[in-house]
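In what follows, a single structure is set out as structure tokens and then discussed.
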Amino acid sequence: MNKVRVGGKTGTAEVWGKQDTSWFASFAPTKNPQYVVVAMVSQGGMGAQTAAPAVREIYEGIYGIKRKPAVPNGGRLTTRLPRFAPDGTVIRG
């Protein structure tokens, strides 16, 4: 099921004497980008093999796919900074 469209580019970097470095650079959502996520995994193989799945999990966390969203309001960024109570909890509202 398509929930959030992500645009991106995988890549593989080579270092002599080591396994390939996996990387993936992305943005989402594609029609109105609000996030950029880049992952690079030293000796992780090809980009689609290691870095892209890691980035997918980050987007799933941001948008609340398979779990509670890390960014509330369907992944929309807030327009103001959070306020904190003396005990360190976030003041809602």
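For reference, positions follow the sequence shown, starting with 1.
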Please report the shortest heavy-atom distance between [X] and [Y], naming the atom on each side.
{"X": "Gly8", "Y": "Phe27", "value": "N-CE2, 4.4 Å"}
{"X": "Ala51", "Y": "Ala39", "value": "CB-O, 3.7 Å"}
{"X": "Ile65", "Y": "Lys3", "value": "CD1-CB, 3.8 Å"}
{"X": "Ala28", "Y": "Val4", "value": "CB-CG1, 4.1 Å"}
{"X": "Ser22", "Y": "Gly47", "value": "OG-CA, 3.2 Å"}
{"X": "Gln49", "Y": "Gly45", "value": "OE1-CA, 3.5 Å"}

Ile58-Val6 co-clustered via ILVMFWY side chain contacts under 4.5 Å: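 Ile58 clusters together with Val6.
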*Heavy-atom side-chain proximity of Trp23 to Ser42 below 4.5 angstrom*: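 Answer no - side chains too far apart.
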- Can you tell if the side chain of Met40 reaches within under 4.5 Å of the side chain of Thr21, non-hydrogen atoms only?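 Of all side-chain heavy-atom pairs linking Thr21 with Met40, at least one is under 4.5 Å.
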Can you spot which of Thr10, Val37, Val38 makes a side-chain contact (heavy atoms from CB on, under 4.5 Å) with Val55?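 That would be Val37.
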Practice problem: Look up atom NZ in Lys18 and atom CD in Gln43, then write down how far apart they are to the nearest 0.5 Å. | Solution: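 With rounding to 0.5 Å, NZ (Lys18) is 5.5 Å from CD (Gln43).
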(request) Find the distance between CD (Glu14) and CD (Gln19) and round it off to the nearest 0.5 Å. (result)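 The CD atom of Glu14 sits 12.0 Å away from the CD atom of Gln19.
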Next item on the list: Evaluate the side-chain contact (heavy atoms from CB on, under 4.5 Å) criterion for residues Ile62 and Tyr35: first the C-alpha distance (whole Å), next the side-chain angles of each, then the deciding distance (0.1 Å), finally the verdict.
Entry: CA-CA 9 Å; Ile62 289 171; Tyr35 298 101; 3.7 Å; yes
Partners meeting side-chain hydrogen bond (donor to acceptor under 3.5 Å, both in side chains) with Ser26 (sequence neighbours left out)
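Ser26 satisfies side-chain hydrogen bond (donor to acceptor under 3.5 Å, both in side chains) with Tyr59 only.
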| Sequence neighbours excluded, which residues qualify as side-chain hydrogen bond (donor to acceptor under 3.5 Å, both in side chains) partners of Asn32? |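 By the side-chain hydrogen bond (donor to acceptor under 3.5 Å, both in side chains) rule, Asn32 matches no residue at all.
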